[in-house]
Amino acid sequence: MESSFGLLLVLLTLTIIHIVQAQDQQGFISLDCGLPPNETSPYKENRTGLLFSSDATFIQSGKTGRVQANQERKFLKPYRTLRYFPEGIRNCYNLSVFKERKYLIRAYFLYGNYDGQNTAPVFDLYLGPNLWAKIDLQDENGTWEEILHIPTSNSLQICLVKTGMATPLISSLVIRPMRTGRYTTESGSLKTYKRFYFNKSGSGLLYSKDVYDRIWMPRFEDEWTQISTALRVYNKNGYDPPDDALKNAATPTNASAPLTIEWVSENLDDQYYFYAHYAEIQDLQANDTREFNFLLNGQKLYMPSPEVPKKLRLTTFEGMSPITCNGWECNLQLIRTKRSTLPPLLNALEVYTVIQFPQLETDESDVVAMKNISASYGLSRINWQGDPCFPEQLRWDALDCSNTNISTPPRITSLNLSSSRLNGTIATAIQSLTQLETLDLSNNNLTGGVPEFLGKMKSLSVINLSGNNLNGSIPQALRKKRLKLYLEGNPRLIKRPKEKIPVAIVASVPVAIVASVVIVVIFLVLRKRKSTIVQGIPLPPRTSTENDSSFANKKSKRFTYSEVVQMTNDFQRVLGKGGFGMVYHGTVKGSEQVAVKVSQLSTQGYKQFKAEVDLLLRVHHTNLVSLVGYCHEGNHLALIYEFLPNGDLKQHLSGKGGKSIINWSTRLRIALEAALGPY
Ligand SMILES: *[C@@H]1O[C@H](CO)[C@@H](O)[C@H](O)[C@H]1NC(C)=O
Ligand SMILES: *[C@@H]1O[C@H](CO)[C@@H](O)[C@H](O)[C@H]1NC(C)=O
Ligand SMILES: *[C@@H]1O[C@H](CO)[C@@H](O)[C@H](O)[C@H]1NC(C)=O
Ligand SMILES: *[C@@H]1O[C@H](CO)[C@@H](O)[C@H](O)[C@H]1NC(C)=O
Ligand SMILES: *[C@@H]1O[C@H](CO)[C@@H](O)[C@H](O)[C@H]1NC(C)=O
Ligand SMILES: *[C@@H]1O[C@H](CO)[C@@H](O)[C@H](O)[C@H]1NC(C)=O
Ligand SMILES: *[C@@H]1O[C@H](CO)[C@@H](O)[C@H](O)[C@H]1NC(C)=O
Ligand SMILES: *[C@@H]1O[C@H](CO)[C@@H](O)[C@H](O)[C@H]1NC(C)=O
Ligand SMILES: *[C@@H]1O[C@H](CO)[C@@H](O)[C@H](O)[C@H]1NC(C)=O
Ligand SMILES: *[C@@H]1O[C@H](CO)[C@@H](O)[C@H](O)[C@H]1NC(C)=O
Ligand SMILES: *[C@@H]1O[C@H](CO)[C@@H](O)[C@H](O)[C@H]1NC(C)=O
Ligand SMILES: *[C@@H]1O[C@H](CO)[C@@H](O)[C@H](O)[C@H]1NC(C)=O
């Protein structure tokens, strides 16, 4: 469309200015980007009667600019100012639309040497998480991009993305609701490639001549003859091209030759849809017929019968499936049938390429929740614009997302607002991030209690609330087996769990000793402080008979011996040797890594085994690895622990095995906290 841009934008002095009483502009969004705040908004654009508004309420970032003074008069008012984006990589407009409705979306870009640098920028244009176009502003008259698109949510994110040093800019953005059921595609959206009406003279047909604000440019070839009518052609077939476009038509001057329209593909595999608009505008004699077929690159396009234009009534030929051209050349022909006495005719033609927007937008409820969280804490991060998850290289910082499959909406799986100067309470909107696995709100100034809902979020397995100013007690719901909860550094919080040290306590020999010490201490503390600390946690039964009753009811945690063999891949990888037996690496549910402690039955071993199972199934402490399950089958005994990949405590104490050495204050803290026990 670039070639026609000059004609469109340039305010031709001879153009008769139609101040059309604005037709129904319902649902239209017409933005004059960068309109200064001291100028009237909205204002009526003289040539079209369209009401243009400032873009200020649709975008939070960017600066306003104006084309060089000596160029201003060349362009219509909406293109004289612009918004440019020196900060951030991606800057987005957020426009309110109706999902499942078809829209025409058009964006204009005019450099106009607004910055005096005389360097036309190059950048990307995105629609939500998908690339829409690469914008290159070499053309001094600017460029534009237009698509027919059905949004998949109620907001439309149109983003300008830096690709190098150049500063992206935009001059105008317009959105027009279209009629549904027209311009349908098998898949993808339509990118405007050409839109012509066939007339030897004339200028672009704009709104309000076109009810949808499509732009029709005149075109004519030497080998054609123009036919015209003064009568109105009935055009209401849902495509509704402008009346003026239908008053004229092209026919081949050589009445037996086809009417040929050619174009060159930009990409070899481009797919096209075309819409050919025609109506009989000649007075036919009783013995005259006009009948023709459509051919693409010599192949007849399937139609049940030849086309016969109706008198003063529009017909639109629409492709039901996309077409590709053989090679670069596309050649569309209208060929008269044998019995036709008149050559083919065509009034107007539209050609679109198929554009795919394959990456689905991030789940809408996650986006709403993130907006709420951002607003609740007054966060204004420059990169929190557009789709939170995609494209991946522009993902909002602080987030991680599920990345399974582009045809399922991405979900937010991790939120890290550590050291973000958050104050107030923990935002309830967090509970709407239902796929969240990791939540890090550490080192902020958060106040209030630890909310109950965190314990009800099924996917959540790591919560770091340390270094805040939380108070109250820890809700029961958070005392879950698989949950890693970090709460230290909240002085007003009652029963504070200890910081987790990145150490696999069970995974090797000396550590087993430490672990035993810890366990013993826990036992003592549990007994001593039973009434205050065990709130909600059932105490291990005091009986210590040799029967299985104490863990017989924990079927869900019990594995068979063959499952143990399978999970350790036949005891292939040894992690270490504990007091109770060898420790092997294993995997459960295909991905969860575990450490498997295996023993043969002996009285001594069995007692120790049972004590450990009973205790560990009940006690959860951030310094203790949690028990995933156990096996007790015949004389096979095994304890299956969560696997911590950072190595064992001994390595951390000694600095061996390439591990960092724990400093003395941390050592002291570990010892103290171990002695204090859980909570
Ligand atoms: C820009 O438009 C003007 C006026 O129509 C024209 O003279 C000029 O050649 C155009 N420039 C380009 C690069 O198309
Ligand atoms: C708006 O303000 C700018 C300077 O800030 C000035 O040049 C311009 O004339 C003003 N426009 C109107 C319509 O007042
Ligand atoms: C529109 O027309 C009016 C009256 O002819 C004129 O005063 C105004 O400056 C024009 N506006 C633009 C943006 O050209
Ligand atoms: C976009 O705007 C709509 C309403 O206009 C709002 O509900 C939505 O949260 C906004 N989305 C973003 C990502 O700003
Ligand atoms: C089409 O061309 C005729 C003359 O050939 C002209 O009078 C008419 O205004 C043109 N139509 C449009 C819409 O420009
Ligand atoms: C007219 O077209 C026919 C069919 O394409 C061709 O055979 C014939 O030579 C053409 N006549 C002229 C005068 O070009
Ligand atoms: C149709 O009839 C007119 C006279 O009414 C005649 O001049 C013309 O040659 C006829 N055309 C054909 C194709 O028979
Ligand atoms: C966040 O959502 C809650 C309801 O879930 C609402 O009460 C609150 O006003 C929202 N906050 C913001 C800043 O949107
Ligand atoms: C993506 O997910 C959908 C639905 O879950 C499934 O039908 C499709 O096969 C998946 N595609 C790929 C490439 O995995
Ligand atoms: C959160 O980010 C901070 C620094 O930005 C990092 O130290 C911390 O490990 C992150 N938390 C998680 C759970 O990844
Ligand atoms: C958070 O801090 C800001 C500024 O420091 C303050 O205006 C706001 O009232 C605080 N919010 C709460 C809930 O304390
Ligand atoms: C918490 O707020 C106090 C002042 O209200 C401030 O001095 C301190 O730096 C804040 N802490 C964090 C982690 O932002």
Side-chain angles (χ1 to χ4, degrees), residues 4 7-8 12 14-16 18 20 47 195-210 214-222 224-233 235 241-251 277 281 346-348 373-381 383 395-401 412-428 430 433 436-449 454 459-471 483-489 499-502 622 645-646:
S4 51
L7 263 166
L8 169 72
L12 299 166
L14 291 179
T15 309
I16 300 152
H18 276 271
V20 201
R47 194 164 152 195
R195 190 181 291 116
F196 299 122
Y197 71 102
F198 296 112
N199 203 349
K200 277 183 175 161
S201 62
S203 54
L205 298 178
L206 315 172
Y207 187 83
S208 60
K209 288 181 188 286
D210 187 282
R214 289 163 300 191
I215 294 159
W216 302 78
M217 300 308 291
R219 176 170 169 169
F220 221 76
E221 304 284 337
D222 291 344
W224 297 346
T225 297
Q226 181 172 328
I227 54 174
S228 308
T229 181
L231 300 170
R232 185 172 179 267
V233 175
N235 68 343
D243 287 343
D244 283 0
L246 299 177
K247 282 192 155 64
N248 303 279
T251 59
H277 307 287
I281 55 171
L346 195 59
N347 306 64
I373 293 164
S374 165
S376 302
Y377 292 126
L379 295 170
S380 54
R381 299 205 173 178
N383 96 333
R395 181 168 293 173
W396 292 12
D397 56 31
L399 296 189
D400 256 328
C401 300
I412 293 167
T413 56
S414 169
L415 174 63
N416 186 349
L417 290 174
S418 167
S419 308
S420 301
R421 302 214 181 102
L422 311 184
N423 63 357
T425 57
I426 294 176
T428 48
I430 289 172
L433 301 172
L436 200 65
E437 291 161 16
T438 305
L439 174 66
D440 192 338
L441 300 175
S442 61
N443 303 318
N444 288 297
N445 266 353
L446 294 170
T447 51
L454 290 177
S459 305
L460 204 51
S461 60
V462 178
I463 304 176
N464 192 345
L465 302 176
S466 58
N468 280 292
N469 201 5
L470 299 167
N471 57 25
L483 191 64
K484 295 197 187 85
L485 181 61
Y486 304 80
L487 291 168
E488 83 279 9
E499 185 192 353
K500 178 129 188 165
I501 298 143
T622 51
N646 284 347

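Numbering of ligands and ligand atoms starts at 1, following listing order. Below, all heavy atoms of this structure are taken into account, side chains as well, without hydrogens, waters or symmetry copies.
- The shortest N or O to N or O distance between D440 and ligand 10 is under 3.5 Å.
- Checked by atom type, the side-chain pair S374/R381 shows no donor-acceptor distance below 3.5 Å.
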Pick out the protein N or O atoms lying less than 3.5 Å from any N or O of ligand 5, and list each pair with its distance.
unit_1: ligand 5; atom_1: 2 (O); unit_2: N199; atom_2: OD1; d: 2.4
unit_1: ligand 5; atom_1: 2 (O); unit_2: N199; atom_2: ND2; d: 2.8
unit_1: ligand 5; atom_1: 2 (O); unit_2: S201; atom_2: OG; d: 3.4
unit_1: ligand 5; atom_1: 5 (O); unit_2: Q226; atom_2: NE2; d: 3.4
unit_1: ligand 5; atom_1: 11 (N); unit_2: N199; atom_2: ND2; d: 2.5
unit_1: ligand 5; atom_1: 14 (O); unit_2: Y197; atom_2: OH; d: 3.3

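- Under 3.5 Å, the side chains of D210 and W216 contain a donor-acceptor pair of N or O atoms.
- Look at N464 and you'll find every heavy atom at least 4.0 Å from all atoms of ligand 10.
- With hydrogens and angles ignored, the 3.5 Å screen pairs a side-chain donor or acceptor of N468 with a backbone N or O of L441.
- Checked against L433 for a side-chain contact (heavy atoms from CB on, under 4.5 Å), the options L415, L439, L460 give a single hit: L415.
- The contact set between ligand 11 and G424, taken as ligand atoms under 4.0 Å from a residue heavy atom, comprises 13 (C).
- Between W224 and F220, the angle of the ring planes goes over 60°, which puts this pair in the perpendicular group of the 30/60° scheme.
- A donor-acceptor pair shorter than 3.5 Å can be found between the side chains of S228 and N248.
- Proximity to N416 (heavy-atom distance under 4.0 Å) selects the following atoms of ligand 10: 1 (C), 2 (O), 3 (C), 8 (C), 10 (C), 11 (N), 12 (C), 14 (O).
- Interface atoms of ligand 10 facing T438, defined by a heavy-atom separation under 4.0 Å, are 13 (C).
- Side-chain contact check for S442 and S418: at least one donor-acceptor pair (N or O, by modelled atom type) lies under 3.5 Å.
- The side-chain heavy atoms of L399 and S414, taken from C-beta on, include no pair separated by under 4.5 Å.
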